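One structure is given below, encoded as structure tokens.
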Amino acid sequence: MEYILIIISAVFVNNILLSQFLGVCPFLGVSKKVSTALGMSAAVTFVMALATCVTYLLQYYVLVPLGVEYLQTVCFILVIAGLVQMVEIIIKKISPSLYQALGIFLPLITTNCAVLGVALMVVQKQFSFGGEAHMLNLGQSVVFAIASAIGFGLAIILFAGIREQLEISKVPKAFQGVPIALITAGIMAMAFMGFSGMV
Amino acid sequence: MSNRWKLITKGLVKDNPTFVLVLGMCPTLGTTTSAINGMGMGVATMCVLILSNIVISAVARFIPDKVRIPSYIVIISAFVTIVQLLMQAYLPSLYETLGLFIPLIVVNCIVLGRAEAFANKNGVIDSACDGLGIGLGFTLSLTVVGLVREILGSGSAFGWKFMAPDGMLLFVLAPGAFIVLGYLMVLFRKLTTK
């Protein structure tokens with residue numbers, strides 16, 4: 001039951017993009033076409049799940065026992081950068097077709113703040129899903145990461161669909177490009193506010 | 001001297017990181033619930049930017065080209081950790097409100113972008129001026145976005161309440177951030193392009 005609540009909460013209620021503002025750069029950057037948005041969200045899901053799993057273990061089996069929690073930021077970003085590089089090499093070897101599809105998005109993910117944000121969130125914040133507030137365990141953390149990534153994907157794919165329509169409509173000159181995209185995102189965020197209070 | 005002065009002032013309008021270069025959107029949207037919060041975030045980012053620009057411009061010639069990005073990230077995250085610990089000790093309430101966005105300065109594209117585009121090719125003092133200029137531009141735009149959201153959303157400015165009703169809560173919540181930033185960007189474009 002708790003897993004379902006985690007998923008609903010991370011995908012809809014506390015959508016990582018539209019209510020927490022993590023990962024806005026790729027949201028504005030690669031949302032011009034639905035197909036690229038799809039590729040980006042698949043790559044983010046993969047890396048986010050893996051990164052959260054590794055950084056969770058790093059936090060509780062290395063940093064906490066050694067008493068060096070203040071090195072969190074440095075260690076996490078290095079792990080994520082290394083992981084992205086490794087995933088890139090492995091995918092290139094195992095499945096060239098998948099590499100073709102995800103390849104160009106992988107290097108961009110290192111500086112996607114959603115990945116580092118989720119990794120930090122699960123070891124810093126307490127969550128309450130119906131019951132008492134508590135730190136997430138490993139399984140819950142990974143589910144939370146995957147659900148957050150799906151929320152990211154949902155928002156970016158919907159947004160890409162809207163932007164494809166915007167391309168062919170008449171927009172005043174000063175609004176063209178980023179400003180109209182931001183205002184559209186604002187209206188989308190308003191729609192997502194309808195989910196608040198559900199969990 | 002005039003050259004350095006130009007480096008400092010170009011970040012305010014011509015190369016404004018938020019309104020012109022459209023970098024660092026996450027903290028711009030996430031931390032500007034009030035003018036003070038926006039300004040705090042801007043100053044924290046500016047400190048990291050100046051310090052990392054100085055160190056990177058000083059050591060850039062010793063770093064092999066292939067590992068330069070990871071090395072820059074380590075340097076930047078070291079300064080972010082220092083700023084984080086200092087804020088935790090001396091400004092605990094601001095640290096509490098900015099929360100996750102302080103460690104996330106590491107992945108702010110502005111900081112890495114300036115390291116890659118300016119600091120690794122220029123001298124220490126020039127790089128410090130560049131960091132100061134871009135940092136000031138970022139602080140200014142965050143303060144403006146925060147101020148507009150605070151006035152519309154809670155009827156106050158820099159914590160000083162001048163309106164009896166509470167204003168439109170929407171502007172303090174997530175959708176308001178996107179909409180205010182979008183319209184401010186339009187206004188900025190209108191004012192700068194004649």
Side-chain angles (χ1 to χ4, degrees), chain A residues 14-29 69-78 80-82 85 107-121 124-125 172-193 196, chain B residues 18-32 69-70 73-85 88 99-113 169-171 173-193:
Chain A
N14 294 312
N15 187 288
I16 190 151
L17 247 172
L18 297 171
S19 80
Q20 322 232 22
F21 308 112
L22 296 175
V24 179
C25 293
F27 179 64
L28 294 172
E69 288 97 330
Y70 60 88
L71 290 179
Q72 213 174 43
T73 318
V74 185
C75 290
F76 281 20
I77 188 70
L78 280 180
I80 291 169
Q85 202 92 81
L108 288 175
I109 292 177
T110 317
T111 52
N112 181 341
C113 48
V115 178
L116 182 63
V118 168
L120 286 169
M121 229 190 280
Q124 281 183 355
K125 258 170 73 176
K173 194 158 170 287
F175 281 87
Q176 272 164 17
V178 183
I180 191 74
L182 280 170
I183 295 165
T184 314
I187 297 169
M188 256 178 87
M190 241 186 265
F192 268 75
M193 262 173 73
S196 64
Chain B
T18 309
F19 295 125
V20 179
L21 306 177
V22 199
L23 291 174
M25 284 292 112
C26 306
T28 309
L29 294 163
T31 62
T32 51
I69 299 284
I73 291 182
V74 175
I75 293 170
I76 294 166
S77 52
F79 285 120
V80 170
T81 309
I82 293 170
V83 169
Q84 191 182 350
L85 293 175
Q88 217 169 352
L100 200 59
F101 284 98
I102 295 293
L104 287 180
I105 296 175
V106 177
V107 284
N108 189 326
C109 344
I110 296 173
V111 184
L112 194 60
L169 186 65
L170 180 78
F171 285 100
L173 298 175
F178 286 106
I179 293 170
V180 166
L181 185 60
Y183 276 104
L184 281 177
M185 218 176 253
V186 172
L187 195 67
F188 192 87
R189 278 189 186 179
K190 273 276 173 210
L191 292 177
T192 49
T193 54

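Keep in mind that what you see is a predicted model, and the values were worked out from it rather than measured. Sequence lines set the chain letters: A, B, ... in the order given, protein chains first and strands last, and positions in each chain run from 1.
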Please state whether the side chain, the backbone, both or neither of [X] comes within less than 4.5 Å of a heavy atom of chain A.
| X | answer |
| --- | --- |
| L170(B) | side chain |
| L112(B) | side chain |
| V22(B) | side chain |
| L184(B) | neither |

Side chain, backbone, both or neither of [X] within contact of chain B (heavy atoms, under 4.5 Å):
| X | value |
| --- | --- |
| L28(A) | side chain |
| Q20(A) | backbone |
| L78(A) | side chain |

Looking at chain B, which one of [options] has the largest number of heavy-atom pairs inside 4.5 Å, strictly under?
| options | answer |
| --- | --- |
| A114(A), G23(A), A81(A), G117(A) | G117(A) |
| A185(A), S19(A), A191(A), G186(A) | G186(A) |
| V74(A), I80(A), I180(A) | V74(A) |
| M188(A), Q124(A), Q85(A), M193(A) | M193(A) |

Where [X] and [Y] come nearest, the two heavy atoms and their spacing:
| X | Y | answer |
| --- | --- | --- |
| R189(B) | K173(A) | NH1-O, 4.1 Å |
| P103(B) | L120(A) | CB-CD1, 3.6 Å |
| C26(B) | C25(A) | SG-N, 4.3 Å |
| F178(B) | L17(A) | CZ-O, 4.1 Å |
| P179(A) | G182(B) | CB-O, 3.7 Å |
| A177(B) | F21(A) | CB-CZ, 3.7 Å |

In this structure, CG of L182(A) is separated from CG of L29(B) (nearest 0.5 Å) by 6.5 Å
To the nearest 0.5 Å, atom OG1 of T73(A) lies from atom CG of L104(B) at 8.5 Å
Please lay out, stage by stage, how I82(B) and Y70(A) fare under the test side-chain contact (heavy atoms from CB on, under 4.5 Å).
CA-CA 9 Å; I82(B) 293 170; Y70(A) 60 88; over 6 Å; no
With chain A, the option among G176(B), P70(B), G30(B) that has the most non-hydrogen atom pairs under 4.5 Å is G30(B)
Sorted by chain and number, sequence neighbours left out, ring-ring contact (aromatic ring centres under 6.0 Å, His included) with F188(B) holds for F19(B)
F175(A) meets the ring-ring contact (aromatic ring centres under 6.0 Å, His included) criterion, sequence neighbours left out, with Y183(B)
Please tell me if the side chains of [X] and [Y] come closer than 4.5 Å, counting only heavy atoms from C-beta onward.
| X | Y | result |
| --- | --- | --- |
| I77(A) | I76(B) | no |
| M25(B) | V178(A) | no |
| V115(A) | V107(B) | no |

